[in-house]
Enquirer: 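One structure follows; several queries about it will come next.
For the single chain, residues carry numbers from 1 onward in sequence order.
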Amino acid sequence: MAALQYLESFCNAHSQLSDWYTTLADLYQKKLWHQLTLKLEQFVVLPVFQVFRVEFYLIPVNFVLLLLYLELRFGGLGVYKLGFSGRDLVIGIWSLVVMFLKGSLGVTGKVVALWPRGHGFRSWKQPLVEMQAEGIPETTALPTKVEAGDALIQLYHNFITDFETKINLLKLAHFAVIVSRQYPEKEAAIGFLEGVTEKLHNTKKTRIEEPILYIKMQIALFKLEQGDPKECQKLLDEGKTTLDSMTDIDPSVYASYYWGSCQYHKARQEFAEFYKSALLYLAYTAVEYLSESFKLDLAFDLSLSALLGDNIYNFGELLAHPISESFFRVHPLFISHVYQGTNANDNHVDQLVELVIPGIGLIKSLIGTKVEWLYYILEAFNTGDLVLYQKLCNVHQAALTAQPALVQNEKKLLEKINILCLMEIIFSRPADDRTIPLSVIAESTKLSVEDVEYLLMKSLSVHLIEGIIDQVEGTVHVSWVQPRVLGIPQIKSLRDRLDNWVDKVHTALLSVEAETPDLVAA
């Protein structure tokens, strides 16, 4: 009963877990593996198993000066030696930071001091000094993070391994992947996962493809983090083949594949492929279980990839997705700032004020995030509003400049919004009035007639529209436009057009009734 002994010793070290020990031990002894698995899923997400990782790239000067002042003024902060030159000064400052972290975050574990090299803050020397603070063991390892122990790893090796092949094998894969992420070294994590995969093969049970594929997708991510994209791509290709040959697949397995795929494309700056894979990942993932920081990062990456991806001209799907709620917030001050001095009844202002995001309701005065500017740009693209886009570029120039990918693809973005402006012009016209003068398009897009012709040819080539360009008459006749996910303003416009069509049909009916009363009566 070594497994129970370990569990008992672990829970004794954490008195708040006594009830957990009683429940888990009871289920283990009764061999109720399904119930034990469900309980373990709740157990491993307890705070005691969470690894706090705090990365230091630059310690704010004001923060250091404040700590130094407190030490000199009051003392007693536990500094080993505080000096004002070289190594002693480094030890003194780092000691203060460690004491602050211990008091504020409750962080314990390995601590290694780092010092910047050169004029940037992306390159780091090897640890300049290693120290041992109270409760923080000295180490010869070279991590760049404050790590909070390996309780989850020990739990797996000392408890879960005792019955790992008796529980649902996909649940076992879930546990294994969670544990692998706690290893400080990627090679150790990969070795652990490969060992679990071998055990799965040895069980000779049916449907082991799912858990093995789930684990392999995590190995692919580790390979990518190690700087081995070829091996990552190989594992992804094999995973795709396996998925295509299976049926009735658990959503978590699909999600693991598409998450690995989108991270691979992100590393290669393949925007369109990342966008598609990320949306497919979200299709198999319950957004409500994702952390707010994770949703914010993913929403930001998705938005950039939608703007920069080739042949992505439909932004309605992204704007309507719940992930958008992570940072898509309309700030009322923004509206007055962009449209300062314009008429209060301006159509653009109406569109923004009346904007509705699914699941939230009418947006009025919610406070936005630091990247809310990206939402306004997406909305401008979705509605093909070139004027709004140009104003946004001026207002948020600093934020846009901070994104190298947007700067490098400035011309591409302008071409894309011009195409979307063209599609909006076509959409806004009645079905019986789809012959559009090139001069009208040129006026809306601020392009010359020659450039409008190129824009039309580009739209025709990517199959956004179908039609005929008449250079003699200087017109284009559009017979088809690619369907799009409509926003609230566009749906309102469509509703108005349907109302007009109903009125016309009613008028025609009254006219027929008036001209042929006898026929209608019969």
Side-chain angles (χ1 to χ4, degrees), residues 306-316 319 338-343 345-352 376-397 400 406-487 489-494 496-497 500:
L307 291 171
L308 299 171
D310 292 332
N311 299 327
I312 297 177
Y313 295 95
N314 193 342
F315 299 90
L319 290 172
V338 172
Y339 291 103
Q340 186 175 6
T342 61
N343 190 309
N345 294 322
D346 190 287
N347 290 333
H348 300 300
V349 179
D350 291 341
Q351 289 177 2
L352 283 174
Y376 307 132
I377 290 180
L378 280 175
E379 180 64 19
F381 271 72
N382 190 50
T383 57
D385 195 331
L386 180 62
V387 175
L388 176 59
Y389 172 68
Q390 292 173 337
K391 290 181 179 179
L392 287 168
C393 289
N394 293 329
V395 172
H396 299 283
Q397 185 175 2
L400 289 167
L406 294 179
V407 176
Q408 296 169 6
N409 293 275
E410 184 178 357
K411 291 183 178 179
K412 181 178 179 180
L413 289 171
L414 187 59
E415 179 187 89
K416 180 175 283 193
I417 196 168
N418 277 327
I419 290 176
L420 291 167
C421 181
L422 168 65
M423 295 180 69
E424 193 64 24
I425 292 171
I426 298 169
F427 177 80
S428 63
R429 299 177 76 91
D432 57 354
D433 186 19
R434 290 293 176 85
T435 300
I436 310 170
L438 300 185
S439 57
V440 171
I441 301 174
E443 182 180 356
S444 298
T445 57
K446 314 299 181 185
L447 298 174
S448 65
V449 174
E450 290 77 12
D451 289 335
V452 168
E453 291 179 359
Y454 169 79
L455 191 70
L456 289 168
M457 287 187 286
K458 172 71 175 180
S459 302
L460 289 166
S461 66
V462 296
H463 203 59
L464 291 174
I465 62 173
E466 292 179 0
I468 300 173
I469 302 174
D470 189 337
Q471 288 183 308
V472 177
E473 298 293 332
T475 61
V476 57
H477 176 74
V478 180
S479 56
W480 178 86
V481 182
Q482 185 185 78
R484 301 166 61 194
V485 178
L486 303 181
Q490 295 164 318
I491 292 174
K492 286 184 177 180
S493 174
L494 186 60
D496 294 339
R497 288 161 60 183
N500 291 335

Enquirer: Measure the CG-CD distance between L392 and E379 for me, rounded to the nearest 0.5 Å.
Expert: 10.5 Å
Enquirer: Identify the heavy atoms of W480 and H463 that sit nearest to each other, and give their distance.
Expert: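 Heavy atoms only, the tightest pair is CZ3-O, 3.4 Å.
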Enquirer: May I ask you to test the L413-L308 pair for a side-chain heavy-atom distance under 4.5 Å?
Expert: yes
Enquirer: Search all heavy atoms of I425 against all heavy atoms of S444 and return the closest pair with its distance.
Expert: CD1-CB, 3.5 Å
Enquirer: Between D470 and V476, is a side-chain contact (heavy atoms from CB on, under 4.5 Å) present by the stated rule, with each step listed?
Expert: CA-CA 6 Å; D470 189 337; V476 57; over 6 Å; no
Enquirer: To the nearest 0.5 Å, what is the distance between CD1 (I441) and CD1 (I426)?
Expert: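 It is 6.5 Å, given to the nearest 0.5 Å.
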Enquirer: Nearest 0.5 angstrom please: T383 OG1 to F315 CZ, how far?
Expert: 10.5 Å
Enquirer: Please list all pairs passing the ring pair (Phe, Tyr, Trp, His ring centres under 6.0 Å) test where one or both residues lie in residues 432-455, with sequence neighbours left out.
Expert: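 Those involving residues 432-455 do not exist here.
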Enquirer: Determine, stepwise, if the pair V481 / F427 fulfils side-chain contact (heavy atoms from CB on, under 4.5 Å).
Expert: CA-CA 8 Å; V481 182; F427 177 80; 6.0 Å; no
Enquirer: Under the side-chain hydrogen bond (donor to acceptor under 3.5 Å, both in side chains) rule, collect the residues that match up with Q408, sequence neighbours excluded.
Expert: none
Enquirer: Kindly compute the distance separating SG (C421) from CG (L386), expressed to the nearest 0.5 Å.
Expert: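 It comes to 5.5 Å.
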Enquirer: In Å and rounded to the nearest 0.5 Å, what is the CG to CG distance from L414 to N409?
Expert: 12.5 Å
Enquirer: Using atom types as modelled and distance alone, determine if a side-chain donor or acceptor of N394 lies under 3.5 Å from a backbone N or O of Q390.
Expert: yes
Enquirer: Does Q471 reach the side chain of E453, with side-chain heavy atoms less than 4.5 Å apart?
Expert: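 A side-chain contact under 4.5 Å exists here.
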Enquirer: Is the number of heavy atoms from other residues, nucleotides or ligands within 6.0 Å of CD1 (I468) greater than 12?
Expert: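 It does not: I468 CD1 has 12 such atoms or fewer within range.
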Enquirer: Keeping to residues at least two apart or across chains, list the salt bridge (Lys or Arg N to Asp or Glu O under 4.0 Å) pairs with something in residues 406-428.
Expert: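 For residues 406-428, and leaving out neighbouring residues, the salt bridge (Lys or Arg N to Asp or Glu O under 4.0 Å) pairs sorted by first residue read D310-K412, E424-R484.
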Enquirer: Of L455, T475, L456, which meets side chain to side chain contact (heavy atoms under 4.5 Å, CB included) against L438?
Expert: L456
Enquirer: Are any of the side-chain heavy atoms of L447 and N418 separated by less than 4.5 Å?
Expert: yes
Enquirer: Would one find more than 12 heavy atoms of other residues, nucleotides or ligands at under 6.0 Å from atom CD of E466?
Expert: yes
Enquirer: Compare every heavy atom of T435 with every heavy atom of R429, then report the nearest pair and how far apart it is.
Expert: NH2-O, 4.0 Å
Enquirer: Which heavy atom in P483 sits nearest to a heavy atom in N314, and how many Å separate them?
Expert: O-ND2, 4.0 Å
Enquirer: Rounded to the nearest 0.5 Å, what's the gap from OH on Y389 to CG on L420? Could you check?
Expert: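 Going from OH on Y389 over to CG on L420, the span is 11.5 Å.
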Enquirer: Could you pull out the closest heavy-atom pair between S459 and I419, with the gap in Å?
Expert: OG-CG2, 3.7 Å
Enquirer: In the structure I gave you, are the side-chain heavy atoms of I469 and L460 within less than 4.5 Å of one another anywhere?
Expert: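 They are in side-chain contact.
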